[in-house]
Protein chains: 2
Amino acid sequence: MQQLEELVTSLRKEGFRITPQRIAIVEYLLKTEEHPSADHIHKTIQKKYPMVSLSTVYKTLDLLKEKKLVSEIEVEGEARFDAHTDEHINLVCMNCGKIEDVDENSLKEIQNRAAKKSKYLIVKSSFEMFGYCTNCKSKFN
Amino acid sequence: MQQLEELVTSLRKEGFRITPQRIAIVEYLLKTEEHPSADHIHKTIQKKYPMVSLSTVYKTLDLLKEKKLVSEIEVEGEARFDAHTDEHINLVCMNCGKIEDVDENSLKEIQNRAAKKSKYLIVKSSFEMFGYCTNCKSKFN
DNA sequence: CATTTAATTAGGAATTATTCCTAATAAGGA
DNA sequence: TCCTTATTAGGAATAATTCCTAATTAAATG
């Protein structure tokens with residue numbers, strides 16, 4: 001996801017209104033590496049902007065997903081969001097829930113191969129790995 | 001997932017009871033290619049065995065997951081199950097919900113690379129691609 | 001085969017992430 | 001500044017999953 005200014009102007013050009021709620025959400029997503037859930041986003045930005053409702057967070061995330069400005073991954077029945085939209089692997093810690101991104105060049109190639117084999121028209125991919133992060137793995141060996 | 005008999009004896013050896021409910025669920029999972037949801041499994045086996053409750057389906061799926069006899073993937077807030085437990089790519093049709101498996105040799109290698117880079121201890125992976133299947137894609141071009 | 005007992009089940013209630021609904025608000029063009 | 005209409009807040013509705021408990025039953029034992 002690009003810079004805040006570019007983003008705002010591009011959304012405005014498409015006829016979307018730039019509200020303080022949207023700015024707060026986008027701003028937070030741009031600077032965090034946490035892969036937050038909707039609820040987490042809501043709680044976090046409420047500290048700074050108390051008047052943001054959870055339903056607005058959901059609605060804004062829908063918009064950003066549609067514009068492909070954020071990507072979504074599902075972890076344990078909960079959606080988590082990320083402004084890193086290139087194809088990458090998400091590593092999910094099964095203990096603390098932390099998610100780390102790992103770049104991997106071959107994903108596009110794999111996607112092409114799968115598309116050819118299956119004859120599906122592929123729109124997006126999601127690569128997840130589950131395990132234990134460096135902090136947590138010592139507890140589970 | 002192996003044959004029914006092997007499975008049953010291996011579970012029994014571990015002290016689990018072999019109930020008609022569990023047999024029905026395992027039997028169905030072994031023969032279908034549908035990647036059914038818990039609810040779908042429930043509805044399907046109820047035709048043959050009317051006295052199987054949804055909570056038993058959920059509990060049995062938990063057991064099978066723990067024993068790594070089925071794998072789970074999440075699609076649109078719903079878990080779908082598959083007796084195909086080797087690492088593979090799941091192609092999900094965004095129109096009809098059909099899921100197709102595609103084998104891909106390089107997944108293990110990618111997993112190893114990601115583990116090394118991130119220092120995570122990786123337990124399982126999930127590779128999903130979303131798009132339109134051969135039947136549905138003509139409607140969306 | 002009858003008895004025992006602990007695992008399993010049915011059924012519904014509780015939980016929880018997400019979506020839906022609507023009146024009130026406010027962004028941005030005129 | 002005014003007007004139009006997209007957006008929001010807040011809570012109710014929805015739906016998948018988990019939890020709870022009394023009743024059932026698999027299977028070990030004698």
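The basis for the numbers below is simple: all heavy atoms, side chains too, and nothing from hydrogens, waters or symmetry mates. Numbers restart at 1 for each chain; the letters A, B, ... are given by sequence-line order, proteins then strands.
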Once ring pair (Phe, Tyr, Trp, His ring centres under 6.0 Å) is applied, do any residues pair with Y120(A), and if so which ones, sequence neighbours excluded? none
Contacts of E72(A) that satisfy side-chain hydrogen bond (donor to acceptor under 3.5 Å, both in side chains) - sequence neighbours left out: K65(A)
What is the separation between atom CG on L61(B) and atom P on dT9(C), rounded to the nearest whole Å? 12 Å
Option passing side-chain contact (heavy atoms from CB on, under 4.5 Å) with I18(A) (candidates V26(A), V8(A), L7(A)): V8(A)
Report the residues that fulfil side chain to side chain contact (heavy atoms under 4.5 Å, CB included) with S53(B), sequence neighbours left out, ordered by chain and then residue number. S55(B), T56(B)
Taking DNA chain C as the partner, which of residues 36-44 of chain B come within under 4.0 angstrom of it by heavy atom? none
Calculate the interatomic distance between L63(A) atom CG and dT18(C) atom C1'; express it in whole Å. 17 Å
Without decimals, in angstroms, what is the distance between E66(A) CD and dT19(C) P? 13 Å
Suppose we screen for side-chain hydrogen bond (donor to acceptor under 3.5 Å, both in side chains). Which residues come up paired with T60(A), at least two apart in sequence or across chains? none
Contiguous pairing runs of three or more, Watson-Crick or G-U under 3.5 Å, that involve DNA chain D: C:1-30 with D:1-30
Should Y58(A) be listed as having a side-chain N or O under 4.0 Å from OP1 or OP2 of dT19(C)? no
Return the value, rounded to whole Å, for the distance between atom CD1 of I25(A) and atom C1' of dT7(D). 12 Å
Calculate the interatomic distance between R22(B) atom CZ and dA7(C) atom P; express it in whole Å. 11 Å
In whole Å, what is the span from the CD atom of E76(A) to the C1' atom of dT17(D)? 13 Å
Does the protein touch nucleotides 21-30 of chain C at the base, only the backbone, or not at all? Give it as B, S and - per nucleotide, heavy atoms under 4.0 Å. -----BBS--
Sorted by chain and residue number, the side chain to side chain contact (heavy atoms under 4.5 Å, CB included) partners of S125(A) (sequence neighbours excluded) come out as E87(A), Q111(A), I122(A), F127(A), M129(B)
With sequence neighbours excluded, what pairs up with H88(A) under the ring pair (Phe, Tyr, Trp, His ring centres under 6.0 Å) test? H84(A)
Salt bridge check, E109(B) against R113(B): does any charged N sit closer than 4.0 Å to a carboxylate O? yes
Please table the atom pairs, donor to acceptor, closer than 3.5 Å between any side-chain atom in residues 36-46 of chain B and protein atoms at least two apart or in another chain.
unit_1 : atom_1 : unit_2 : atom_2 : d
S37(B) : OG     : H40(B) : N      : 3.1
D39(B) : OD2    : K43(B) : NZ     : 2.7
H40(B) : NE2    : Y28(B) : OH     : 3.4
H40(B) : NE2    : T44(B) : OG1    : 3.3
H42(B) : NE2    : Q46(B) : NE2    : 3.3
H42(B) : NE2    : V52(B) : O      : 2.8
H42(B) : NE2    : L54(B) : N      : 3.3
T44(B) : OG1    : H40(B) : O      : 2.7

In whole angstroms, the gap separating C1' of dG12(C) from CG of L54(B) amounts to 11 Å
Residue pairs meeting ring-ring contact (aromatic ring centres under 6.0 Å, His included), one or both in residues 4-24 of chain A, sequence neighbours left out, come to none
Name the closest nucleotide to the T60(A) side chain, picking from dT8(D), dT18(C), dT9(C). dT8(D)
Pairs where residues 12-26 of chain A contributes a residue and the test salt bridge (charged side-chain N to carboxylate O under 4.0 Å, His left out) is met, not counting sequence neighbours: E14(A)-K67(A)
May I have the distance from Y49(A) (atom OH) to dT8(D) (atom P), rounded to whole angstrom? 14 Å
